[in-house]
Amino acid sequence: MSVNESTPRPGGRAARVRSAVHGAVIELLSEPGGKDVTVPAIAQRAGVNPTSIYRRWGTREALLADVAVTRLTEDSPLPDTGTLCGDLTQWATAAASSLVRPEGQLILRALVMSLPGTPEAQEERSRHFARRADDIGRILDRAAARGEDPPDIDQVLDHVLGPLYLRALFGAMPATPAYPQALVEQLLHGGTAPARPHTSERP
């Protein structure tokens, strides 16, 4: 169904086009193979002119990065359990859960397909990274205000979020919250690395 450019609707034309194009990308990625994710195919599925896509995003890679970033940043409110361990565990578990959902896998595919990409695509990916870092920073700041001794943001990214994204990309994410919790506990309390989760395929 095409986007009717002459009929006023809530949200404005730009918002309607963006929503239609994002939806078209997700639909195309979900089809067997997920290879026909070209600007002409996206435009046809969304019911818009390809020039509208090029005008708004510039390149396919920038569009894919925008789709991925938009979906990945649709987060629930940050947890507030009263402890750093509790907050990070809930946050990491929620991140892991979103990554293993069918749409989460499609979004990761879009993110990978945007690489190496253009400066516009890199800007979108950097925006997602900054959002994640900001979320972590707020959790750590609250912990410090309570008198806890939090790690820095890079440590959380490297020891908690990084492993989750890596496993999700290779389809090796465990189905239980035990692994994200173990990553957090290892970061905060040291000790041995979390037990390797059992998966049907080697990552």
Side-chain angles (χ1 to χ4, degrees), residues 22 25-26 29-30 64-115 117 121-201 203:
H22 277 215
V25 170
I26 295 299
L29 285 172
S30 66
L64 292 172
D66 182 41
V67 171
V69 167
T70 298
R71 295 302 199 278
L72 288 171
T73 53
E74 290 176 348
D75 293 336
S76 57
L78 290 179
D80 188 4
T81 65
T83 69
L84 175 59
C85 184
D87 287 353
L88 283 179
T89 297
Q90 283 196 14
W91 179 82
T93 301
S97 177
S98 69
L99 290 172
V100 299
R101 289 197 295 264
E103 183 171 283
Q105 291 293 303
L106 297 179
I107 296 310
L108 284 176
R109 188 183 304 172
L111 197 60
V112 171
M113 290 175 68
S114 75
L115 297 170
Q122 179 57 45
E123 183 179 350
E124 292 291 348
R125 291 191 297 269
S126 296
R127 184 161 63 89
H128 169 60
F129 184 85
R131 169 70 180 271
R132 287 297 190 191
D134 182 63
D135 286 347
I136 296 169
R138 284 187 284 164
I139 291 175
L140 301 182
D141 288 344
R142 283 198 317 228
R146 289 192 298 261
E148 297 182 78
D149 184 22
D152 61 37
I153 292 175
D154 284 339
Q155 288 177 306
V156 179
L157 290 171
D158 292 344
H159 295 279
V160 179
L161 195 61
L164 294 179
Y165 270 72
L166 181 64
R167 286 196 169 277
L169 283 170
F170 284 95
M173 185 72 78
T176 70
Y179 183 62
Q181 180 178 356
L183 290 172
V184 171
E185 291 180 350
Q186 183 197 15
L187 170 64
L188 297 182
H189 308 302
T192 59
R196 180 177 179 174
H198 297 291
T199 56
S200 58
E201 299 177 355

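The first residue of the sequence shown is numbered 1, and numbering continues consecutively from there.
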Practice prompt. Kindly write out the residues that satisfy salt bridge (Lys or Arg N to Asp or Glu O under 4.0 Å) with Glu185, not counting sequence neighbours, or none if the list is empty.
Written response: none

Worksheet entry | Residues that Asp158 engages under salt bridge (Lys or Arg N to Asp or Glu O under 4.0 Å), provided they are two or more places apart | none

Worksheet item: Quick one: side chain to side chain donor-acceptor pair (under 3.5 Å) partners of Gln90, sequence neighbours excluded?
Response: none

Expected list for residues 150-157: side-chain donor-acceptor pairs under 3.5 angstrom, two or more places apart:
residue : atom : partner : partner atom : Å
Asp152  : OD1  : Asp154  : N            : 3.2
Asp152  : OD1  : Gln155  : N            : 2.8
Gln155  : OE1  : Asp152  : N            : 2.9

Practice prompt. Please test Val184 against Trp91 for side-chain contact (heavy atoms from CB on, under 4.5 Å), starting from the C-alpha separation and ending with a verdict.
Written response: CA-CA 10 Å; Val184 171; Trp91 179 82; over 6 Å; no

Practice prompt. First locate atom CG of Asp135, then atom CG of Leu78, and finally report the distance between them rounded to the nearest 0.5 Å.
Written response: 4.5 Å

Side chains of residues 81-89: which donor-acceptor pairs under 3.5 Å do they make with residues two or more places apart or in other chains?
residue : atom : partner : partner atom : Å
Thr81   : OG1  : Thr83   : N            : 3.4
Thr81   : OG1  : Thr83   : O            : 3.2
Thr81   : OG1  : Asp87   : N            : 3.2
Thr81   : OG1  : Asp87   : OD1          : 2.8
Thr83   : OG1  : Gly86   : N            : 2.9
Asp87   : OD1  : Thr81   : N            : 2.6
Asp87   : OD2  : Arg142  : NH2          : 3.2
Thr89   : OG1  : Cys85   : O            : 2.7

Practice prompt. Drop me the distance from Asp134's CG to Ile139's CD1, to the nearest 0.5 angstrom.
Written response: 10.0 Å

Worksheet item: Between NE2 of His22 and CG of Leu64, what distance do you get to the nearest 0.5 Å?
Response: 9.5 Å

Discussion item. If I take atom CG from residue Asp149 and atom CG from residue Leu140, how far apart are they, to the nearest 0.5 angstrom?
Written reply: 10.5 Å

